[in-house]
Participant: 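Please see the structure below; I have some questions.
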Amino acid sequence: MAVEYKLTLQLPKTDFPMKADLPIREPKLLEKWKAEDLYHQILERRKNGKPFILHDGPPFANGDAHMGHALNMTLKDMVLKSKNMAGYRVPFIPGWDCHGLPIEHKVMKELGDLAKDPVTIRQNCEAYARKYIEIQRNQFERLGVLGEWQKPYLTMDPSYEADVLRTLATIVEKGWIYQALRPVYWSTGCQTALAEAEIEYSPKMDLSVFAKFSVLESSLSKLGVSSSVSILIWTTTPWTLPANLGVAAGAGIAYGLYQQNGEHFLAATALAASLPGFAAGEPIQVLKGIDLEGIEYQHPFLNRQGKVYTADFVTTETGTGFVHIAPGHGRDDYQLGQRVGLQTLSPVDDRGCLTEECGVADLVGKYVFKANPMVRDLLRNEGKLWAEQEFSHDYPHCWRSKTPIIFRSVSQWFIDVNGFRAEALDEIKNVTWVPTWGENRIRGAVESRPDWCISRQRTWGVPLPVFYDDRGTAVLTAGQVRQVADIVEEKGTDWWFKTEAEEIAKTLGLPAGLRKGLDTIDVWIDSGASHAAVVKRRLSFPADLYLEGSDQHRGWFQSSLLTSVAVWGTAPYKQVLTNGFVVDMDGKKLSKSDAYKKPTDLLSFVNKFGADILRLWVSSQDYRDDVPFSEEIFTRVTDSYRTVRNTVRILLGNLSGFNPEKGVDRSEWSEIDLYVEAQLQDLIRTVLGAYESYEFHAVYHAVIRFCSVDLSAFYVDVLKDRMYCDAVSGKRRLAAQTVMYRVLESLVRIIAPIMPYTAEETWLMMGKKESIHLQLFPEAGEGAAHYRDRWDRLIQVRSLVNEHLEKARQQKLIGKSLEAQVTLRGSTFQENDRELLQEIFIVSQVRLESAPTLSVEVSPAGGLKCVRCWKFGEENGKHAEHPELCPRCTEAVLALNPDS
RNA sequence: GGGCCUGUAGCUCAGUUGGUUAGAGCAUGCGCUUGAUAAGCGCAGGGUCACUGGUUCGAGCCCAGUCAGGCCCA
């Protein structure tokens, strides 16, 4: 009998599967979106909307997308999708950074000795970049990111390169470009400058010397001695001594004046005793480095005088406490030289051989490492050699030719940042930085940055279109750069590399006999100029938002700001949002983590969990800080996903057979319906606000809480009786369906930016014809504030009743709550609240009694159990034909079979 | 070494201008249900608010220092 009655129930029914199978289901939806060209459909739908421009920072076209990319790209897409649903027109043009050393490096390794011709190298680099663009494009699309994937911007597109050159032209025009000598790592084997990434350290034997620099007589008085004194210096690169232009001492370091074998010499007190051949004992006098400043000395073998300067890079770890300064051959040396106005002397040619400028005829043409013993001999002959030592150290070598590298000055091009630094700092104030400390960060970077070295002795990049005459004088004008830009726009930058200098010069109307420069432009100019090549050309300037990792304050945010201020006089963005880095559970970066030795690539996680899980993970985190990543966190997120999915599923199940057009008017809703609908409005308000301020984790928490607390544990649970047992088209049941439909419609829209696939799956399951992503967010109506007092009391008393039901359950007095009768004493509720209370307690009977204090009593429900709805009641079983049913179920069953 | 930032239950997050016994969801444990069932419901346990010191009648919140971690420099 009971089995038959079960068939008269309206149990939830849906084809929406409990098991998500995201790795299988998502690709099918993605195919559908692509086939429908959903992205352009959305743009068309929003064509009258206010534009919102999120400008994509180009990732480097190298390697697979990893969790860091996943974090950033997902955040971008959540911004895009939420802005779209808020009614904005949101074009998105993804981009890639294509030029640069890492790719050139990889290609050179693959090519080996074939890597001679620039054009060959460049073609291989391009192929390499295109390969990874294709890979990353598929990986990003798989995340559910919608955008102009078929027409992304590539920094190697000729049109892009042309705009990089035009940006440069404007800076040339404003006079903010200059050329200067600066020391760089130089491979004598490859005859090229190297970047740090191209250097390998390996052990090398070298000759080090201790040399005596005689203090000039004019300076002796400073030391308070009359006889001759030498400053002792130690160097591991004797060949740089011909380029010596000064000596550095540490301002706070103590130096002793010692006497040995009738000679006076100066050395740091902390090091003197460890000097080879030291036998002087205690110093005659001790001076601070600061007191030695300005002392002049005679170069040991050249007719040249130098001075002592103080510098903070001097230490007393090794040597003598004095550092010989050759501004053309060391970074510290160069900076000191710049500070005190020394020449950048670098008497070494491309092959690493000393030039005439070195001032010693015998050394000219000698390879620097061969010159070391010769310099030692020179010192000895001049009586300036204190000691020599063979020693082994880790020394930088060229990754390719394996020859030891040297520091050598070559001519480089710089942007004079001081020309517009103040303007840039002003513009920083006009930008909204999220989090706010980003402003300090970039201000610090812009304030402290030296002039921008934009030339690279590389091949894979945009050429610096400069010419040199036979005296080495540079020819670089804005007009010439613009002409090159126009040609490059048509022919690409290979043109510069494969065309003879003479022909280019002729084309540009320059005189004959010029040599073309072979430097490329720093890739930070490439990507930094995207405001010109992309935002201005294809979007709308300035962009509303840039969103990248916090390392970009010194990187792309800065290069974009500087080039934009230099060219347009304004910042390229209105707002800048940053995300932290992906770290492991202990807060350590993944590369240092024990748990994640290997890079965690995006696709393996998407294929294992699904894009929506990955995205839900992103949304669950406060990305402004570092974002922890672990299996456990993913498991937790998967649990949350199930909460949402099952909630959606039960709503769909309860809506089986519901026609939304035949919903019930609000005036007929029950108090519970009204309350839940009002809770929904509160949720919508909270969520829209959170999206507005990009606080996706607030959306996540609000949605999960709503699903599990308001819907699953309350509304859906309480309404089971109504949904399953009431007559199919009873008013109460239809009212509930009306509310559930509205809740679901809103809920799906709200989660769509975070879980685009699951939202779409649900939306289509609701019978909707067009994509969820074409929809707008729901508008927040009146919330639950006006129910607040009453419902606070209802929820509170429900919780109290649950405690007592649990106690009764532990005492085996009842099993499920419908087996109970609840007596509520001393509450403020009235007789006409009884039915509501019984419903929300999910019990069979509620009795209200007055009493001075609030108390709850639970007892087994009285009367017969209705076999259909399982509720107990004294009125049950009164109907002759249905002696096991309650009156309500009798009515419901009779309504099904009017004939019987 | 310097600049910027972070540290609240196992996990993810709340925590108003300092003000009762620091909250939520998930996870865990125990029970119920078997009409959301590879589901659902209830109850319970769980925190030295990184640490130390200070200001205050009162500090998770303000100040100083320490430790741990991150990004960027050197």
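Just so we're on the same page: letters track the sequence lines, and every chain starts at 1.
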Participant: Out of B:rG40, B:rA39, B:rG42, which nucleotide sits closest to the side chain of A:Arg798?
Facilitator: B:rG42
Participant: Among residues 438-453 of chain A, which ones have heavy-atom contacts with RNA chain B below 4.0 Å?
Facilitator: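 Contacts with RNA chain B under 4.0 Å: A:Arg441.
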Participant: Check step by step if side-chain contact (heavy atoms from CB on, under 4.5 Å) holds for A:Arg888 and A:Glu891.
Facilitator: CA-CA 5 Å; A:Arg888 184 267 316 258; A:Glu891 201 180 313; 5.8 Å; no
Participant: Base, sugar-phosphate, or nothing for A:Lys807, non-hydrogen atoms under 4.0 angstrom?
Facilitator: nothing
Participant: Name the nucleic acid region contacted by A:Ile633, choosing base, sugar-phosphate or nothing; use a 4.0 angstrom heavy-atom cut-off, strictly under.
Facilitator: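 Sugar-phosphate, backbone atoms only, no base.
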Participant: Using Watson-Crick or G-U wobble geometry with both distances below 3.5 Å, tell me the partner of B:rU56, or none.
Facilitator: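 Checking every strand shown, B:rU56 finds no partner, since no pair has both distances under 3.5 Å.
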Participant: In sequence, state the C-alpha distance, the side-chain angles, and the governing distance for A:Lys720 and A:Asp717, and then conclude on salt bridge (Lys or Arg N to Asp or Glu O under 4.0 Å).
Facilitator: CA-CA 5 Å; A:Lys720 278 176 183 168; A:Asp717 204 33; 3.1 Å; yes
Participant: With the stacking rule set at 5.5 Å and 30°, tell me whether A:Phe581 counts as stacking on B:rG69.
Facilitator: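 Taking the rule of under 5.5 Å and under 30°, the ring of A:Phe581 does not stack on B:rG69.
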Participant: Determine which nucleotide pairs with B:rG35, using a 3.5 Å limit on both distances of a Watson-Crick or G-U wobble pair.
Facilitator: none
Participant: In whole Å, I'd like the distance from the CH2 atom of A:Trp437 to the P atom of B:rC72.
Facilitator: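 In whole Å, B:rC72 P and A:Trp437 CH2 are 11 Å from each other.
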Participant: Among B:rU6, B:rA44, B:rC13, which is the nearest nucleotide to the side chain of A:Glu803?
Facilitator: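 The nucleotide sitting nearest to the side chain is B:rA44.
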Participant: Might you work through the salt bridge (Lys or Arg N to Asp or Glu O under 4.0 Å) test for A:Arg645 and A:Glu761, ending with a clear yes or no?
Facilitator: CA-CA 11 Å; A:Arg645 188 173 181 91; A:Glu761 186 190 352; 2.8 Å; yes
Participant: Using purine N1 to pyrimidine N3 plus N6-O4 or O6-N4 for Watson-Crick, or N1-O2 and O6-N3 for G-U wobble, both under 3.5 Å, which nucleotide pairs with B:rC30?
Facilitator: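 Check on B:rC30: paired to B:rG42, both distances under 3.5 Å.
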Participant: Distance check, rounded to the nearest 0.5 Å: A:Cys725 atom SG versus A:Arg868 atom CZ?
Facilitator: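 Result: 5.5 Å between the selected atoms.
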Participant: Checking only heavy atoms, does the side chain of A:Ser712 share a donor-acceptor pair with the base of B:rA36 at less than 3.5 Å?
Facilitator: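 Per atom types, the contact qualifies.
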Participant: What is the separation between atom CG on A:Leu711 and atom P on B:rG25, rounded to the nearest whole Å?
Facilitator: 14 Å
Participant: Find the partner of B:rG65: check Watson-Crick (N1-N3 plus N6-O4 or O6-N4) and G-U wobble (N1-O2, O6-N3) distances, both under 3.5 Å, and reply none if neither fits.
Facilitator: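 Here B:rG65 is engaged in a pair, and the nucleotide opposite it is B:rC51.
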Participant: Under 4.0 Å, counting only non-hydrogen atoms across every strand here, what does A:Pro435 touch: a base, just sugar-phosphate, or nothing?
Facilitator: nothing
Participant: What is the separation between atom NZ on A:Lys812 and atom C1' on B:rC43, rounded to the nearest whole Å?
Facilitator: 14 Å
Participant: Tell me the interatomic distance from A:Leu11, atom CG, to B:rG40, atom C1', rounded to whole angstroms.
Facilitator: 14 Å
Participant: Over all strands shown, is A:His701 touching base, sugar-phosphate only, or nothing at heavy-atom distances under 4.0 angstrom?
Facilitator: base
Participant: Round to the nearest Å and state the distance from A:Phe696 atom CZ to B:rA14 atom P.
Facilitator: 14 Å
Participant: Using heavy atoms and a sub-4.0 Å distance, could you list which residues of residues 636-654 of chain A are near RNA chain B? By number, please.
Facilitator: A:Arg636, A:Asp639, A:Asn646, A:Arg649, A:Ile650
Participant: Which listed nucleotide (B:rC11, B:rG31, B:rA36) is nearest to the side chain of A:Arg809?
Facilitator: B:rG31
Participant: Counting Watson-Crick and G-U wobble pairs only, both distances under 3.5 Å, name the nucleotide matched with B:rA24, or none.
Facilitator: B:rU12
